[in-house]
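The structure appears right after this line, and notes come after that.
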Amino acid sequence: MKTIGKEKQESNSVTSQKTLLNEFIEEHDDLIVYDTYIDDGFTGTDFNRPSFQRLLEDMRNGNINCVIVKDLSRLGRNYIEVGNYIEQVFPLFNIRFIAINDFVDSFKNPSSTNTILVPFKNLINDEYCRDTSIKIRTSLNGKKKKGEFIGAFPSYGYIKDPKDKHKLIIDESVANIVRNVFDWNVNEGLGQISICHRLNNLGILNPTGHKKLELGQNYNNFGIQDNTYTWTPSTVRNILNNEVYIGNTVQGKRKTKSYKVHKVEVVPKEEWVRVENTHEAIIDKETFEKAQELSKRDTKVSQKTKELSVWAGFLKCVDCKRAMNKKSSTNKSGSKYEYYICSTYRKKSNNLCTKHSIKVENLEKAVLKAINLHIDLLIDTEEIVQQINESTYQNTKNENLENMIIAKQSEITKILNFKRMLYEDWKNEDITREEYLEYKQKYENDIERLKRNIERLESEKQKYESQSISSNEWIEKFKDKKGITELSRDIMMELIDCIYVKENGAIKIKFKFEDEFKRCLEYIENNKGILKLQENVV
């Protein structure tokens, strides 16, 4: 078996195929080699192969009049296309076709191309490709779901582990560049274009250049034509949006249509295969999330100070929902002050929106006051939630629901045993067939009733658990800022989602975690009876 396996492996190689063809030609004096057409690494289901297309061109130009292959599968593995070439294309150009191992010769034995064996073998070759494609896809999908990396080239900043090609390890030679990209974006407020310029000014090779020139990989990027290996804004954007840098593996973003149609399709994001914590992270999750949030905001670095404003990307007009623009002016006493104004009013037309102007000084005071009031409210809310969670009633309620479900499941088990015994009683003629059917129906009805009860209890238990609040980590982020007297961009990023400016200069703040806060209030509202009970007990 080993010898046969080895011989088969050699016969399938390009080298052995060439040897076989050359030996055949040496035995036939009427054949002269014009050229050899090799499409190594290309699938036989696709006839748009480079060398095969060159063969067709030579056919059209009259350079060749005979095509020889080892067997039919070497011509192709698409049942319909192979049949079309053998039966129509080759005869049209007066091409003699020879498949050595399949004993096909359209000149010496014309009937050999018309026998049922030829389409049957082509069909087998086609089916082999289909079966192989299914097995490979199934295997790769399994690896994706386990978080194993199956790509040819890892993202910039990572290389394949020499001990396990399906695992990524940090490429220390460029890891700091990735960290710098995130730092410049999150902490310095630089946009994709500014980061791109800085990287190019420092003379740093882009990911393609790093892979080809520094790692020596056979990596081709058809978007790069001049081999300058300079950074582009899209490359920076891809790095800032890539979850691989926080240790997650996301695969399955594209797929081929089928094993015959090799058109690449984009897969919807909800269908991507995403597995967390598969390798060491380069960037912490908090920094990554800040970068994602910044990408959604309209932020610009000041041309004068070269710094990102505390308010950049946060201020919006309450009416038109457009960003507010920063302006400066001088009052009657000669003092300069800064203020924000609706961008629609300023840039488009005063008929489309009004000023909605607010001084930076007033804005800062209002936001500081609102943050501290919000924190005080959250602290009070957290204390009430904690009292509810520590109540004996809550624990008892959860235990009772769980015990009721277990009891119902135990009843079902008993009835199933009765049902099995009932069948034996009927077979032993202890009861009649009519009695068997009557009791069987009753047991089945009882089981259905108990299953409905269990579903109701499970639903009630899930509803109870979804309403309960066991952890308030998000409140801690607010509590840490209690008593702040000065705003920073980090504080804004951590606590505030958006600030809407009204026409009268008032503001409306949309804090982060508002949904969680509403849940807390609903939780308190639904459990007011517990608090009253505790007060009465005290």
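- In plain terms, the two heavy atoms of I509 and A370 that are nearest each other are CD1-CB, 3.5 Å.
- Between I246 and N277 the shortest side-chain heavy-atom distance does not fall below 4.5 Å.
- Side chain of E27 to backbone of F24: no donor-acceptor contact under 3.5 angstrom is found.
- Residue D446 is tested with E448, K442, E444 for a side-chain contact (heavy atoms from CB on, under 4.5 Å); the sole match is K442.
- Between E424 and R420, none of the side-chain N atoms (NZ, or NE/NH1/NH2) sits under 4.0 Å from a carboxylate O, so this pair counts as no salt bridge.
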Let me see the working for D161 and H279 under side-chain hydrogen bond (donor to acceptor under 3.5 Å, both in side chains), right down to the final yes or no.
CA-CA 10 Å; D161 189 340; H279 52 268; over 6 Å; no
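- In this structure, the side chains of L422 and Y436 come closer than 4.5 Å at one or more pairs of heavy atoms.
- Looking at F182 and Y245, their side chains come closer than 4.5 Å, going by heavy atoms from C-beta outward.
- Between P154 and K211, the shortest heavy-atom contact is O-NZ, 3.2 Å.
- Ion pairing of R274 with E276 is present here, as a side-chain N (NZ or NE/NH1/NH2) and a carboxylate O approach within less than 4.0 Å.
- Between R179 and D183 no salt bridge is recorded (no basic side-chain N to carboxylate O distance below 4.0 Å).
- Note that CG of L457 and NZ of K408 are 7.0 Å apart. Values are rounded to the nearest 0.5 Å.
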From CA spacing to verdict: side-chain hydrogen bond (donor to acceptor under 3.5 Å, both in side chains), D284, T287
CA-CA 6 Å; D284 62 85; T287 301; 2.9 Å; yes
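- Considering every non-hydrogen atom in both I415 and L450, the closest pair reads CD1-CD1, 3.7 Å.
- A 6.0 Å sphere centred on NZ of K160 holds more than 12 heavy atoms belonging to other residues, nucleotides or ligands.
- Of the candidates D171, N238, N242, N242 is the only one forming a side chain to side chain donor-acceptor pair (under 3.5 Å) with S155.
- In the displayed structure, E280 atom CD is contacted under 6.0 Å by at most 12 heavy atoms of other residues, nucleotides or ligands.
- S112 and D105 form no side-chain donor-acceptor contact under 3.5 Å, judged by distance and modelled atom types alone.
- A ring-centre distance under 6.0 Å is not found for F97 and Y85.
- E458 is not listed as a side-chain neighbour of E455, based on a closest heavy-atom distance of 4.5 Å or more.
- Contact of the I95 side chain with the C66 side chain is not registered, since no non-hydrogen atoms from C-beta on lie closer than 4.5 Å.
- Residues K144 and V275 share a closest heavy-atom pair of O-CG2, 3.5 Å.
- The shortest non-hydrogen separation linking Q251 to G151 is OE1-N, 4.1 Å.
- The side-chain contact (heavy atoms from CB on, under 4.5 Å) with Q192 is formed by just one residue from the set N185, V181, T235, V236; it is V236.
- At a threshold of 4.5 Å between non-hydrogen side-chain atoms, the residues M493 and F314 count as touching.
- Using cut-offs of 30° and 60° on the angle between ring planes, the pair F47 and F52 is perpendicular.
- Side-chain contact between K510 and I499: absent, with no pair of heavy atoms (C-beta onward) separated by less than 4.5 Å.
- For the residue pair V267 and W272, the shortest heavy atom distance occurs at O-NE1, 2.9 Å.
- Annotation: E271, atom CD; neighbour count of heavy atoms from other residues, nucleotides and ligands within 6.0 Å is above 12.
- Salt bridge status for K512 with D497: absent, with no side-chain N to carboxylate O gap under 4.0 Å.
- Note: K70 NZ to I100 CD1 = 10.0 Å, rounded to the nearest 0.5 Å.
- Between Y37 and L55 there is a side-chain heavy-atom pair separated by less than 4.5 Å.
- Atom NZ of K253 is surrounded by more than 12 heavy atoms from other residues, nucleotides or ligands within 6.0 Å.
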